[in-house]
2 protein chains.
Amino acid sequence: MNSRIAPTVLYQEVVERLRQRIYNYDLKPGEWIDEQALAESFGISRTPLREALKVLNSEGLVVLKPRRGCFVSEITEQDLDEIFPVMALLEGRCAYDAVRKAKPKDIKRLNEIHSRLEKYAAAGDIDRFYEQNYIFHEAVQKLAGNLWLQKTVGDLRKFLKLLRGRQLKLPGRLEASLKEHRLIMAAFHNQNPSAAEKIMHDHLIAQRMALAIYDTEEKQRGKSSFSGT
Amino acid sequence: MNSRIAPTVLYQEVVERLRQRIYNYDLKPGEWIDEQALAESFGISRTPLREALKVLNSEGLVVLKPRRGCFVSEITEQDLDEIFPVMALLEGRCAYDAVRKAKPKDIKRLNEIHSRLEKYAAAGDIDRFYEQNYIFHEAVQKLAGNLWLQKTVGDLRKFLKLLRGRQLKLPGRLEASLKEHRLIMAAFHNQNPSAAEKIMHDHLIAQRMALAIYDTEEKQRGKSSFSGT
DNA sequence: ATTCATAATTGATAATTATGAATTATCTCC
DNA sequence: GGAGATAATTCATAATTATCAATTATGAAT
């Protein structure tokens, strides 16, 4: 049944599946996680599930309240205010290093990803745009060639993924995001690390602002983005 | 027997104790962790111990090899080359924000910590200097008032603590470190955030360089800093 | 040196007990 | 009788123990 080459352990598998469930809002923010029911639905015992929850806890995706159980994390306005500046700083540095280290074939690959961004933006396909956008940022981070920088950004991104690219839903934001990406590509072509750093930094800050506006408008429409208690 | 106020769970307690054992080189880098023996020595069962190991794994302090067991992490030159620039970036930002937000009483508190640094430096007490240095940096991070920035720096620091302030052992480094701290304090007094950012950044980079020199000299003396395989 | 059998260790399950928190029910006092 | 405090119940998590399967390490025999 399990025809895998790489040695895998159950709790890792569970971590992966739970992460996806959380990102998909299959498990909703604030929701209580019923260990027993979940273990049963996965067809496993509670032990590896609990091990997985400990991992997700240190990733920030769930909160463990002693003797109370496990709850899916809720992202707050304060989280956003605090994370985005850090992300902007780190991804800015990624862009800087990436431009310095990028070889022609690397830029070619970025161009390919970017062209897909252009395509999906033109088609107004937010989901695919979000996907390619994620791939683009990951590619830049990888080019920077600093594993710890990558890990640090990645850890923050894991938490931010709770948003599922909500900012792109703001009218006009997708187009603005695309323009920013064009500027980043230009910095790669001109081999201008400092420019790339600043643009990437501002790109992240712009995302935070778009989110703030989007959430405000949502609130005015009376639809809170998360389930209130 | 257990007279604790704050609600604590066993695996958290174990995480704490193991962390200390690792920082103290009681458990040495690369060393295999015998679950059974360790559980016995703690007087607990394997389950909470294994949960604790999962947490330490996501902190990077131990490495879990499927079906092989758990090993204490070894910090490499590459790790240092990659982490310090990130730390420099983040702590630089901390300093920037801290100077902007610091109130007179905050600066007074920093001054108190700094004066202890002066004292221990004069006495050549490396251990106490290391301790106060850690407290100083933590205080600056706290002043920045960004919990996620704090957490991000803290996560990296957890791993770096494997070094136990090795860089301070380099002759002259303690004095240089003190001078850098004096400049930071000056930036606080002059309310110059950008200066603080740059000094703190360079302060971290200087630490990396001191480490590199120290390790090179160690190697020449034929004493590898870590146990070879 | 290779193969095979054995031992040791991790990964996982299940049953069970203990503990703490929340809810429900009860009681007292006004 | 009703409000608030108190006690009992309930329920899920926390932790232990025992056990088994799977896999890796080992060591002996050829």
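Residue numbers start from 1 in every chain, and the chains themselves are labelled A, B, ... in the order their sequence lines are given, proteins ahead of strands.
The separation between B:K65 atom NZ and C:dT9 atom P is 17 Å, rounded to whole Å. Per the geometry, CD1 belonging to B:I33 stands 10 Å off P belonging to C:dT10, to the nearest Å. Atom CD1 of B:I44 is separated from atom C1' of D:dT17 by 14 Å (rounded to the nearest Å). Atom C1' of nucleotide C:dT10 and atom CZ of B:F71 are separated by 11 Å, given to the nearest angstrom. Distance A:K54 NZ to D:dT13 P: 10 Å, rounded to the nearest Å. Atom CG of A:L53 and atom C1' of D:dA14 are 13 Å apart (whole Å). Going from atom CG of B:D34 over to atom C1' of D:dA25 covers 14 Å, rounded to whole Å. Counting to the nearest Å, the P atom of C:dT13 and the CZ atom of B:R50 are 11 Å from each other.
Listed candidates were C:dT13, D:dT16, D:dA14. Nearest to the side chain of A:L10 is C:dT13. The side chain of A:R46 sits closest to D:dA14 out of C:dA14, D:dA14, C:dT10. Among D:dA14, C:dT9, D:dT16, the nucleotide with an atom closest to any side-chain atom of B:Q36 is C:dT9. Distances from the side chain of B:T47 to the nucleotides D:dA15, C:dG11, D:dT16 place D:dT16 closest. Set against D:dA15, D:dA12, C:dG11, the side chain of A:W32 has D:dA12 as its closest nucleotide. Relative to the side chain of A:R68, the nucleotides C:dA22, D:dA25, D:dA15 differ in distance, and C:dA22 lies closest. Closest to the side chain of B:R67, out of D:dT16, D:dA22, C:dT13, is D:dA22.
Around atom CD of B:E112, more than 12 heavy atoms belonging to other residues, nucleotides or ligands sit under 6.0 Å away. A:R128 CZ: 12 or fewer foreign heavy atoms inside a 6.0 Å radius.
Contact annotation for A:L64: no contact, since no heavy-atom pair falls under 4.0 Å across all strands.
Side-chain polar atoms of A:T76 and A:D79 form a donor-acceptor pair below 3.5 angstrom. The closest side-chain donor-acceptor pair between A:H201 and A:E197, if any, does not fall under 3.5 angstrom.
Between B:E131 and B:R116, no side-chain nitrogen of the basic residue sits less than 4.0 Å from a carboxylate oxygen of the acidic one, so the salt-bridge criterion is not met.
Base pairing of C:dC4: its partner is D:dG27, meeting the Watson-Crick or G-U wobble criterion (both donor-acceptor distances under 3.5 Å). For C:dT10, the paired nucleotide is D:dA21, the pair qualifying as Watson-Crick or G-U wobble because both relevant distances are below 3.5 Å.
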